Amino acid sequence: MLDIHFIRENIDLVKDAVVKKGADVDIDQLLKLDDERKKLRQELDAKRAEQNRRSNEIQLAKGGEREKVIEAMQHLKAGMAEEEERYQELLKEWTKLLLSVPNVPSPDTPVGPDESGNVVVRKWGEPTKFDFKPKAHWDIGRELGIIDTERAGEVSGARFAYLKGDLVLMQFALISLALKVLTSREELAAIAEKAGLDIVPTPFVPVIPPVFMRSDVMGRMARLQPIEERYFFEKDDLVLVGSAEHTLGPLHMNETIDEAQLPIRYAGYSTAFRREAGAAGKDTRGILRQHQFDKLELESFVRPEDGYREQEFFVAIQEHLMQLLKLPYQVVAICTGDMGKPDHRQFDIETWMPGQDTYRETQTSDYMGGYQSRRLNTRMRNKEGDLTHVHMNDATAFAIGRTLIAVIENYQQADGTIKVPEALVPYVGKDIIGAAR
RNA sequence: GGAGAGGUGGCUGAGUGGUCGAAAGCGCUUGACUCGAAAUCAAGUGUGCUCGAAAGGGUACCGUGGGUUCGAAUCCCACCCUCUCCGCCA
C-alpha cells in the first residue's frame, strides 16, 4: 500500500506507475473519494467535539435542566448516525481503491508491457558445451529413477513429483551450502566487498516458518491476490504460503524497530505451494513448474536509504551461490509490465538449462520499499526519534527444484549419470549421481 | 477437544459508567548538582487521522469487531490470542 499523502503529492508519478504496470486503478476517483473522506471526517469530528463538550455539561446540570440537555443530545446523536454510516461506506471504497494502487517502479526499471521488455543486465559463464546431445532433466530423472512424475500423477495429480535417491541428498546439500554462506559474517562481507557494496554484513537468521497463514496477514503482505493462485482453506481461514516470504515478512508486524537494530535478515526454508492456475499447458514436463516445491528464501528489513543497496547485496548473494555451483546464468532487470504489483524494483536470475536450450528463471529479487511494511505496520524509529516504515527486500537463495534441474542438465554426462558440483561434494558425500537403485 | 484465568502506554501494573489518553513504579530524554559518573532533585516522554506556516487545536485508539448509553478501558454480544490444568498426539 502506498501512503495516501504520497499519492496526493505525486499524482503524476503514481498515474504513470499505474500505466506502466498495466494496472487498472482510477487515481482521480481515489483522490475525489479522499477529498470527500477528509471533509466528512472533519464534519464528524466537529460534531463529536460538540458531543463531548455537552456530555460534560450533563454531568454538571441538575434536575430538569439535565433532562433537557440529554434530550438535545439524543437528537444530535441521531443525526450523526447517518453520517457515520456514510463515512464507513466511503472509507471502505477508499481503502479498496488505495490497496489496488501498485507500487511505483524505480527510475532504473525498464519500461515494457510484458516479459519481452525485460533487460539482461549481465551474464556469467557460457552455456555449457557437450560432445553429445544433452537431455532434458525429465528424461535423465526418469532414467536414473530419481524423479518420478508418473507415480506422483497417480497419487497426487499433475505438477507433483517424487524426488528420490541421491537427488534428495543434493537438495539438502544445496540448503547446507547456502546456509553456510548466509550465516557467515565473513563470507557475506566478502561478497559485499567483491560487489563494491557498502553494507553491514549482519548474518541471516535461519528460520523454518509456518506454511499456513491467516488470509488477512497474507493480504497485508499484498500476496493474497490473485486468490486463484492460492490454496485457501476457507473453513479455517488459512492459506498455504506460495513462498516463505509470505510468513517471513510479517515477522515484525505491528512493531517499531530501533534504527540501531537494522538491518535484520532472515533465511527461511520452507515448502512453497502454488496452484499454477493460469499456467495450464505450460512447462508440464519435469519439475520446473510444480504445485509444491522447497525453497530457501531471503528477507530483510532495512532503513529506507539502504533499500537499493540491500537489493544489490541480495543479487550479489544469488550470483555468488550460482558461481559456487558454476552454473551459467544471466541477471535480468524485470520491466514495469512484468514485475509484481508491490515491487519497486525486481531482478531475476535466469540459469542456463541445456536440456531446454535456454535460460530459465531460477531466482528472483524483490525490493518493496515501504509498500508491505506500511500495511504490516512495521516501523523504525531513527536516532532523532522520528518514525518511518522500514524498507523490505525479499529474494530467492535457492528454489531447490529449479536449481536441481540446472545441476542435472548442466552436469549430465554421456553415460547418463550426473556429476556432482564440486562445492556440493562434501555435503552429498559422493561425486557422481547414478541410478536410485 | 474440556475446565479455568487473562489481554491496559517501551515494560511492570492500577483503574468496573462521566472530571481517564489513562494512577504509580521502572525505563527513556533534557536540565540542575558533579572534575566526571553514580545517586538525588525538576521537567518532559504514545500513535493514527485531521485543521494549522508554526505554536497549537480537534478527534479516535485500553486484543479485534459490533451493541447498550447523553457519556464506555469499565456493561452486553461475537471473534482472536496468551497462560494454567486435563485429554489426545509426532
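Not measured: the values here are computed from a predicted model. Naming: A, B, ... by sequence-line order, numbering from 1 per chain.
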Tell me: [atom1] of [X] to [atom2] of [N], nearest whole Å?
| X | N | atom1 | atom2 | value |
| --- | --- | --- | --- | --- |
| Met253(A) | G63(B) | CE | P | 17 Å |
| Tyr87(A) | U59(B) | OH | P | 15 Å |
| Met380(A) | G10(B) | CE | P | 17 Å |
| Glu50(A) | U59(B) | CD | C1' | 14 Å |
| Asn377(A) | G48(B) | CG | P | 9 Å |
| Asn52(A) | U59(B) | CG | P | 5 Å |

*Of all the heavy-atom pairs spanning Met380(A) and Pro304(A), show the shortest one and how long it is.*
SD-CD, 3.9 Å
*Specify the closest pair of heavy atoms between Cys335(A) and Gly117(A), including all atoms of both residues, with the distance to one decimal.*
CB-O, 3.4 Å
*Considering only U50(B), U47(B), C81(B), which nucleotide approaches the side chain of Arg379(A) most closely?*
U47(B)
*Ignoring the backbone of Arg41(A), work out which of C49(B), G71(B), U47(B) is nearest its side chain.*
C49(B)
*Give me the one residue out of Glu361(A), His137(A), Arg360(A) that meets side-chain contact (heavy atoms from CB on, under 4.5 Å) with Arg402(A).*
Glu361(A)
Think [X] has a side-chain N or O under 4.0 angstrom from the OP1 or OP2 of [N]?
| X | N | result |
| --- | --- | --- |
| Arg8(A) | U50(B) | yes |
| Arg37(A) | C49(B) | no |
| Gln51(A) | G71(B) | yes |
| Arg48(A) | C49(B) | no |

*Tell me what Leu387(A) touches on the nucleic acid: a base, only sugar-phosphate, or nothing, going by heavy atoms under 4.0 Å.*
sugar-phosphate
*Using a 4.0 Å heavy-atom cut-off across all strands, classify Arg381(A) as base, sugar-phosphate, or nothing.*
sugar-phosphate
_Aromatic plane relationship, His391(A) with Tyr367(A) - under 30° parallel, 30 to 60° tilted, over 60° perpendicular_ = tilted
